[in-house]
Amino acid sequence: MSIRTLDDLLAEGVSGRRVLVRADLNVPLDKQTGDITDDGRIRAVLPTLGALVEAGAKVVVCSHLGRPKGAPDPQFSLSPVADRLGELLGAPVHFATDTVGDSARSTVADLADGQVALLENLRFNAGETSKDEAERGAFADQLAAFGDAYVDDAFGAVHRKHASVYDVPARLPHVAGRLVLREVEVLSKLTSEPERPYVVVLGGSKVSDKLAVIEALLPTVDRLLIGGGMCFTFLKAQGLEVGTSLLEKDMVETCRNLLERSEGKIMLPVDVVVADAFAPDAAHDTVRVDGIPSHRLGLDVGPETVAGFAAALSPAKTIFWNGPMGVFEMAAFAAGTRGIAEAITKADAFSVVGGGDSAAAVRALGLDESSFGHISTGGGASLEYLEGKTLPGIAALEN
Ligand code: 3PG
Ligand code: MG
């Protein structure tokens, strides 16, 4: 791989130069208050930003937040992120209220050496995510005008062929930031001869998002443990009734086919916590998977499942975990995710937690982050990396 790194850029000297940094500051916000509920992604980019500040660069940070539809939408403003980033850096972050307009131009022009600016949400501009090369290119031209060099530290977005990820590096000298380098280094350990047993735990709500990675991982892994909302489509494929649980009907046949080809590597829950409603205070019970009542929905895996999964994890030497086992945000349905997370930390294994939700779960449940080998900031990105796909953001750095 011929990727230049932040250290190469620092060695050239960046004092007084404008360095455009693509970060993934797409943090979860509280729906009521708008407060940042997990600042892990902001912290993860501090090593890169700190090094640039230290070296006297004029640091221009850009990011997306959520999925606004190509126009300004106040609920997705990066303004609270600018405040939090300033607190963590210990110096104010100059916030531009647009991405490439007057505010951005004057904010960037006014930066002193060693100061940091954050542009407003990239996705307030249709050009960022456009499938049309010319439209993306025009937006990339505007962004590239704010930098003399480009650093990609947005690992969580490297799987997106977006202007700030894919087209800007074609326009500026470009390097990988510390976070992107570390993520790729860790994930490449999982794809090239992982130490065995290699056990993967997948959860989360959508089977359709995970099918490609299941396909890609099946030949490689020793065990694949499936929980979370997605397990119900697999249980249905086994001929079980799943009540009103999450179900992707058009995926049942595919899941059946995967189970048939899995040579017994796939482990599914044997018990689940079912509730009357999707609510924190809903009445709930633990039932066997062949006894899910028709009017109830599964919101977590049960204790026997946790014990079985923990037994499968215990001899592992390599573990990858993506996706919560249940609705961990509600205390009544958090035990499955907690139990699996604890089992992962107890195994004498190199463990990688992939993804926004699972990483947030680790922190929300108060688990010790340092007891995991690596907590990735990328959900989709880490899955696509493990699938062996070409990631547009990485490919753009290689050229
Ligand atoms: C994520 O949260 O997965 C990344 O920030 C990418 O966001 P996206 O899935 O909206 O492109
Ligand atoms: Mg995503």
Side-chain angles (χ1 to χ4, degrees), residues 21-31 36-45 48 61-71 73 75-78 80-81 84-85 99 118-131 136 139-140 143 152-168 177 179-180 182-184 187 202-206 208-213 228-230 320-324 329 352-364 374-387 389-396:
V21 179
R22 174 49 159 112
D24 183 347
L25 305 177
N26 183 22
V27 290
L29 302 176
D30 185 287
K31 281 184 191 72
I36 297 166
T37 54
D38 181 68
D39 64 3
R41 279 182 164 164
I42 308 178
R43 292 175 183 275
V45 80
T48 289
V61 184
C62 60
S63 176
H64 72 285
L65 178 85
R67 292 181 174 171
K69 300 274 171 271
D73 181 345
Q75 61 170 318
F76 296 116
S77 174
L78 277 167
V81 173
R84 185 78 192 109
L85 179 59
T99 321
L118 176 63
L119 307 178
E120 184 53 288
N121 197 333
L122 290 158
R123 294 186 185 172
F124 286 1
N125 307 269
E128 168 66 358
T129 59
S130 177
K131 299 243 186 301
R136 263 199 346 263
F139 181 58
L143 277 174
D152 186 0
D153 220 19
F155 181 73
V158 290
H159 60 316
R160 301 292 182 218
K161 194 175 175 180
H162 292 168
S164 63
V165 176
Y166 185 73
D167 304 277
V168 174
L179 176 64
V180 162
R182 165 101 182 112
E183 295 265 19
V184 169
L187 291 171
L202 292 179
S205 49
K206 286 185 88 180
S208 42
D209 282 354
K210 305 278 161 77
L211 282 176
V213 79
M230 65 188 270
F320 176 74
W321 171 34
N322 176 293
E329 298 90 340
V352 178
V353 182
D357 283 354
S358 349
V362 163
R363 290 183 285 261
H374 177 70
I375 300 189
S376 175
T377 54
S382 58
L383 290 176
E384 290 198 20
Y385 186 96
L386 293 184
E387 280 165 40
K389 280 197 187 158
T390 300
L391 304 174
I394 304 290

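Positions are given from 1, in the same order as the sequence printed here. Just follow the structure's listing: the first ligand is 1, and inside any ligand the first atom is 1. Note that these values count all heavy atoms, side chains included, but never hydrogens, waters or copies made by symmetry. Everything numeric here is computed off the predicted structure, so don't read it as measured data.
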Closest candidate by heavy atom, reference atom 1 (C) of ligand 1, pool His64, Arg160, Arg123, Arg41: Arg41

No-hydrogen, no-angle side-chain donor-acceptor test under 3.5 Å, Ser382 and Glu183: no

Side chain to side chain contact (heavy atoms under 4.5 Å, CB included) between Phe139 and Asp167, worked out: CA-CA 9 Å; Phe139 181 58; Asp167 304 277; over 6 Å; no

Close-contact set for ligand 1 against Gly156 heavy atoms, below 4.0 Å: 4 (C), 6 (C)

Proximal ligand 1 atoms for Asp24, defined as those under 4.0 Å from one of its heavy atoms: 4 (C), 5 (O)

For Arg67, the ligand 1 atoms whose distance to one of its heavy atoms is below 4.0 Å: 8 (P), 9 (O), 10 (O)

Worked check of side chain to side chain contact (heavy atoms under 4.5 Å, CB included) between Thr377 and Asp24: CA-CA 8 Å; Thr377 54; Asp24 183 347; over 6 Å; no

Any N/O pair His159/ligand 1 closer than 3.5 Å: no

Student check: side-chain heavy atoms of Tyr166 and Asp152 closer than 4.5 Å: no

Donor-acceptor pair, side chain of Asp38 and main chain of Pro28, under 3.5 angstrom: no

Per-atom contacts, ligand 1 versus Asn26 - under 4.0 Å to a heavy atom: 1 (C), 2 (O), 4 (C), 5 (O), 7 (O)

Val158 vs Val184 side-chain heavy atoms within contact, under 4.5 Å: no

Proximity flag His162 to ligand 1, non-hydrogen atoms under 4.0 Å: no

